[in-house]
There are 2 protein chains.
Amino acid sequence: MQRNTPRKRANLRDVAASAGVSVATVSRVMNAPETVAKATRKKVEEAMNSLHWVPSAAARAINSGRTRFVGALVPTLDNAIFARVLASMESRLATHRLSLVVATTDNDPVQEAEKAKGLVDIGAEGLMISGVTHAPEFYSLIERSQLPTVSTSFYDPGYRLPTIGYDNAAAARTALTHLTDLGHRRIAVVHGPSASNDRTRARISGLEGHSPKPDLSFFEVQLSIAGGCEAGLAILQAADQPSAVLCLSDVLASGVLFELQRQGVSVPHEKSVIGLDDLVGSAHLFPELTTVHLPVSRMGAAAADAIASWVETQKIPEPSLLNSDLVVRASTARTGTIGGHPVARRARTDFGK
Amino acid sequence: MQRNTPRKRANLRDVAASAGVSVATVSRVMNAPETVAKATRKKVEEAMNSLHWVPSAAARAINSGRTRFVGALVPTLDNAIFARVLASMESRLATHRLSLVVATTDNDPVQEAEKAKGLVDIGAEGLMISGVTHAPEFYSLIERSQLPTVSTSFYDPGYRLPTIGYDNAAAARTALTHLTDLGHRRIAVVHGPSASNDRTRARISGLEGHSPKPDLSFFEVQLSIAGGCEAGLAILQAADQPSAVLCLSDVLASGVLFELQRQGVSVPHEKSVIGLDDLVGSAHLFPELTTVHLPVSRMGAAAADAIASWVETQKIPEPSLLNSDLVVRASTARTGTIGGHPVARRARTDFGK
DNA sequence: ATGGTTGATGAAACTGGTTACATGTGTCAA
DNA sequence: TTGACACATGTAACCAGTTTCATCAACCAT
């Protein structure tokens, strides 16, 4: 029973005519109801209802100059880390009565520039991006449009855009130090594609010049659980077996963990594994993953606040460094310690029939 | 060196004046460059640049009647399943030159209605929602605004909105049948909050009246890995130990898996575990998770297409049923079989130093 | 009765684009 | 030389709202 009337949507004038008032009065009913006489208001509201009138967002926006939404450009939604950032950003933006438009870039600066253009075209009031590397077209776009844009996932007060993030190099170093503190010297480092990801490069660079100097071997795989599995297998087939695996991301660490178990290698007894991110699930893996916590929720909220205030006050927000910290759980142990770790492979006790 | 000029953004008239042409010509340079003489075009482009002019999306929208973005209302971004749906939706929408605005509802119909209102207010051209249960205000909103809205994550051709999804009851039944086929009769069912989630309820109802009739015990926990762990522990403490655990979601299954391992219970030897969703990581867990695949990527893409076509042609799309299928992996085994499964706890072979 | 104030409403200008239509110029065939 | 026509450009109306300012009636104090 489709009503095929190519019904032209009613507009404010139609409502005004139908209610027998002026357009100004209708507008007032929307924006300042208390200034309209009760009887008049009622008439207008009835007219609105009977015409199924919904005000045009565009027409409002043209007057206020505000569209009330901002865009976020993230590499992918498949990594829980970005989902987390967006989740907290979205909820914080909501408190500023702002909505969030999401665009994924697949780590490709060209796609990023295109999607950014698309966001500007549809009227985004601000932008959130991830990482330091972007296409020249991207920079010229935000330059000419003077669009409030904050860059996240890293911290650099000297960057051309305000940054809100953590020190990736330091986070990686924290993880490495934890391993060397536990006596590990031969360490496998698992990381995602470094060519297309500056944060990965920053993390790798944080491993340089460490003292005591460890013997690092690098494994580059796709940034996914499957990639982690792949790395886990490759590590086991290497000539010199490392005593610990340092994963530059928790998803990789999860994959490594699963694969080591699959291959019968006990963690942390035979090998320690450390991650970096601290995803919500990481605390519940088996064994519970030792990792470096990255404050991504706070980062999302901070980015939301920064953009909102920039949009509202026109003042460029200060860059902000969020600290990351080591979370020691059950997947790392001192070298040479066999069976000594309290949580790992706890014997089954009194369950079962 | 902030330029504190409270610079009013340049508009089309300013550009026209600066270039010494009419507004129509400037507009043409934007929309039909080939109709403008080369020299003129150049003049105009220079004026645009020097004034840092970016056309107002709102003003464009007011003429075209199009804002070029649609909204998606999902319970949360923290569950990988919704991240997946949104990811595929976003990329498919991009092919229709549409952007995606994301709003989370936290499974709360009131929040959902509010956020929906927000999306309509900022001009969303269409909406995607999840699940069958919504607030009356929500329905009246989409009714009066006549907003193209598709409902996902379930299938019901009789629903008031077109649905694009799978049969939740059937998917759960598929999982259960797999377990009974393997000889399991005493089965623990782990699920998320049912009160606030109709899909969970549908899945539970799919378990009813099964033949052969299994002995089911239900464990309701938060829909998270932590919740799964909790359920895993609770199951082990139950009086009658089930031989299999049916999780109505893969995140729960992951948690159960981790916890069982932590407690020294071997899967699938001592207990089989089956999930429902088939998240990308599930294939790589240890042991690889047997689950029922839900075509969420296809669903996201289908929803994007449906909304796009509805917006463009004004024709209500047909509801669409996507089928789900069993994916047998390593976490389930026949009852009574000890050590017989090929993948589980394979002995460590020739690795190590 | 007069003037001042308040409250409710309307007329019209305005936002920043698009576009129908009009105008003016140059080229070419008759 | 003239008419036809294409091409480039301009004028002004238009989209759907908001907002300024004016108007007018009612009320109250003088």
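These numbers were taken from a predicted model, which means no experiment stands behind them. Naming: A, B, ... by sequence-line order, numbering from 1 per chain.
Neither side chain, Asp156(A) nor Thr163(A), offers a donor N or O lying under 3.5 Å from an acceptor on the other. Side-chain polar atoms of Arg60(B) and Asn31(B) form a donor-acceptor pair below 3.5 angstrom. Side-chain contact check for Arg68(B) and Ser99(B): no donor-acceptor pair (N or O, by modelled atom type) lies under 3.5 Å.
Within residues 33-48 of chain A, no residue places a heavy atom under 4.0 Å from DNA chain D. Within residues 56-67 of chain B, the residues having any heavy atom closer than 4.0 Å to DNA chain D are, in order of number, Ile62(B), Asn63(B). Across residues 20-30 of chain B, Gly20(B), Val21(B), Ser22(B), Val23(B), Ala24(B), Thr25(B), Arg28(B) each have a non-hydrogen atom less than 4.0 Å from an atom of DNA chain D (numbered order).
In this structure, Asn31(B) atom CG and dT19(C) atom C1' are separated by 10 Å, rounded to whole Å. Going from atom CZ of Arg9(B) over to atom C1' of dT15(C) covers 12 Å, rounded to whole Å. Residue Leu12(B) contributes atom CG, which lies 18 Å from atom P of dC15(D) at whole-angstrom precision.
In terms of heavy atoms, Leu147(A) sits closest to Ala124(A) at CD1-O, 3.3 Å.
Ion pairing of Glu90(A) with Lys115(B) is present here, as a side-chain N (NZ or NE/NH1/NH2) and a carboxylate O approach within less than 4.0 Å. Ion pairing between a basic and an acidic side chain is recognised when a charged N comes within 4.0 Å of a carboxylate O; Arg66(B) and Glu312(B) show such pairing.
For residues 54-93 of chain A, the pairs satisfying ring pair (Phe, Tyr, Trp, His ring centres under 6.0 Å) are Phe69(A)-Phe69(B), with sequence neighbours left out. Counting only residues at least two apart or on different chains, the ring pair (Phe, Tyr, Trp, His ring centres under 6.0 Å) pairs with a member in residues 105-136 of chain B are His134(B)-Phe138(B), His134(B)-Tyr139(B).
Taking only side-chain nitrogens and oxygens, Asn11(A) never comes nearer than 4.0 Å to OP1 or OP2 of dC15(D).
Interatomic distance, Gln111(A) CD to Ser91(B) OG, rounded to the nearest 0.5 Å: 9.0 Å.
With sequence neighbours excluded, no residue forms a side chain to side chain donor-acceptor pair (under 3.5 Å) with Glu45(A).
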